[in-house]
Amino acid sequence: MASSVACSILRKTLRFQFCSTLNSSRRVALCSSSLAYSFQSASLVRRVQTQSMSYPPFSMYPRFASFKVGDDENLMNVLQSEIECVKEPKDPREIIVPKEFPFEIIDSHGDQTITLKREYNNESIQVTIYMNLDIERDDRQDENVDHQEGSEVQPNISLHITVDKGQGFILEFGCKLNSDELEIESMASRSDHFDTQGAYQGPVFSDLDENLQKALHKYLEVRGIKSSSLHSFLYEYMINKDEREYLKWLKNLKEFLLR
């Protein structure tokens, strides 16, 4: 009996030792496996980081962006050079106005035209000034102008003239002004109350009787539209305005690029 009990105790002791040893081996193996996995993960992370540092993604390449920056810088350099080359225009108030000049000058920044206004008796007269600064001569000018070297040719100035008596009826003239004469190219009458599209506005000006044409020229001259005194002043004024508007346009473009 004592021998059986001793054998039972011995078997339990041996089984417990075996299980403990097996469990310890499993724990050691598990720890070793976990450690190995950790080392592998760390190694993988290091490889990914190394590749990321060595080979940046395609979107990080500055190759295409550099072209845009280079083009913008070139544009800015050319623009600045042009600004420096443009002569600083006069202040409009420095331009000498002819004596007895009867008009008020309305010069709005950003407009390519100026407007002259005056009151004459019971009439409101408004003259809109246009000028094409590209010098173009018509056939008549080519025949009459002596082609001398160094001679300066001033372009024609286009005028749109309205005469309004405030009675719903307006006279309109389309004119060309040069240093020699005021040429009336068209004349029309219209109502300011109704749509006159398609309405009869009179014949072609050149088809009018010659005496009537002369009388209408005198009609405008009395109201201050004279070629002799007006052309030189308007030519200088419009040249200066064109330079002012161009320089302002260049500076606005530069400001836009710097934003």
Side-chain angles (χ1 to χ4, degrees), residues 88-136 154-197 199-202 204-206 208 212-249 252:
E88 188 68 29
K90 292 181 181 179
D91 187 306
R93 293 169 294 185
E94 297 178 5
I95 300 175
I96 300 175
V97 179
K99 292 181 179 180
E100 301 180 357
F101 183 75
F103 294 96
E104 172 193 2
I105 301 174
I106 300 174
D107 184 355
S108 299
H109 171 70
D111 288 350
Q112 61 180 347
T113 64
I114 65 171
T115 301
L116 309 181
K117 285 187 175 182
R118 72 167 300 193
E119 299 294 322
Y120 178 78
N121 293 334
N122 61 338
E123 301 172 349
S124 294
I125 301 172
Q126 180 170 302
V127 184
T128 305
I129 311 296
Y130 306 83
M131 185 166 66
N132 181 7
L133 296 179
D134 294 329
I135 298 177
E136 296 180 358
Q154 296 180 346
N156 292 320
I157 300 173
S158 296
L159 313 178
H160 177 259
I161 306 166
T162 61
V163 181
D164 183 3
K165 290 188 176 184
Q167 300 173 354
F169 193 76
I170 297 174
L171 285 182
E172 291 184 326
F173 296 86
C175 302
K176 184 184 292 183
L177 181 68
N178 57 51
S179 57
D180 298 325
E181 64 176 350
L182 174 70
E183 178 184 352
I184 301 177
E185 296 184 307
S186 63
M187 174 189 170
S189 58
R190 65 178 177 83
S191 171
D192 61 353
H193 297 300
F194 304 100
D195 183 7
T196 56
Q197 184 176 4
Y200 180 75
Q201 298 182 354
V204 176
F205 186 81
S206 59
L208 291 176
L212 181 54
Q213 292 185 37
K214 290 180 179 179
L216 287 169
H217 275 92
K218 187 66 176 179
Y219 176 86
L220 293 179
E221 183 177 335
V222 168
R223 284 155 179 78
I225 315 298
K226 302 177 183 179
S227 61
S228 57
S229 61
L230 200 58
H231 181 269
S232 296
F233 167 69
L234 290 179
Y235 174 76
E236 182 181 2
Y237 194 100
M238 294 302 288
I239 287 289
N240 185 69
K241 177 175 175 59
D242 181 74
E243 292 175 350
R244 283 187 284 116
E245 297 295 344
Y246 178 55
L247 184 59
K248 182 62 177 178
W249 180 82
N252 287 341

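Computation of the quantities below employed the complete heavy-atom set of this structure, encompassing side-chain atoms and omitting hydrogens, waters and symmetry-equivalent molecules.
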### Message
Let's go through Ile114 and Leu234 carefully: what are the C-alpha distance in whole Å and the side-chain angles of both, what is the deciding distance for side-chain contact (heavy atoms from CB on, under 4.5 Å) to 0.1 Å, and is it a yes or a no?
### Response
CA-CA 10 Å; Ile114 65 171; Leu234 290 179; 4.3 Å; yes
With a 4.5 Å limit on heavy-atom distance, are the side chains of [X] and [Y] in contact?
X	Y	result
Leu177	Asn156	no
Glu123	Asp164	no
Glu88	Glu243	no

#### Entry: Step-by-step side-chain contact (heavy atoms from CB on, under 4.5 Å) determination, Thr128 to Leu159
CA-CA 6 Å; Thr128 305; Leu159 313 178; over 6 Å; no
If every non-hydrogen atom of [X] is compared with every non-hydrogen atom of [Y], which pair is closest and at what distance?
X	Y	result
Leu230	Gly224	CD2-O, 4.2 Å
Asp107	Arg244	OD2-NH2, 2.9 Å
Cys175	Leu182	CB-CD1, 3.6 Å
Met187	Leu171	CE-CD2, 3.9 Å
Tyr130	Ile157	O-CG2, 3.3 Å

Can you name the residues that form a salt bridge (charged side-chain N to carboxylate O under 4.0 Å, His left out) with [X], not counting sequence neighbours?
X	answer
Lys214	Glu210
Lys90	Glu236
Glu245	Lys241

Tell me, please, which residues at least two apart from [X] pass ring-ring contact (aromatic ring centres under 6.0 Å, His included).
X	value
Tyr219	none
Phe173	none
Tyr246	none
Phe205	none

### Where at least one partner belongs to residues 93-104, residue pairs that pass salt bridge (Lys or Arg N to Asp or Glu O under 4.0 Å), sequence neighbours excluded
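Qualifying pairs, neighbours excluded: Asp91-Arg93.
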### Query
Rounded to the nearest 0.5 Å, how far does OH of Tyr237 lie from CG of Leu116?
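Between atom CG of Leu116 and atom OH of Tyr237 there are 9.0 Å.
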### Message
I want to know whether Phe103 and Phe101 have ring centres closer than 6.0 Å.
### Response
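Between Phe101 and Phe103, which both carry aromatic rings, the centre distance is below 6.0 Å.
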### Thr162: partners by side-chain contact (heavy atoms from CB on, under 4.5 Å), with sequence neighbours left out
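Residues passing side-chain contact (heavy atoms from CB on, under 4.5 Å) with Thr162: Gln126, His160, Ile170, Glu172.
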### Task
Taking side-chain contact (heavy atoms from CB on, under 4.5 Å) as the test, write out the residues that go with Leu212, two or more places apart.
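For Leu212 the side-chain contact (heavy atoms from CB on, under 4.5 Å) partners, ignoring immediate neighbours, are Leu208, Asp209, Leu216.
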### Task
Hey, could you give me each pair passing side-chain hydrogen bond (donor to acceptor under 3.5 Å, both in side chains) that has a residue in residues 109-121? Not counting sequence neighbours.
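Only Glu119-Ser124 qualify under side-chain hydrogen bond (donor to acceptor under 3.5 Å, both in side chains).
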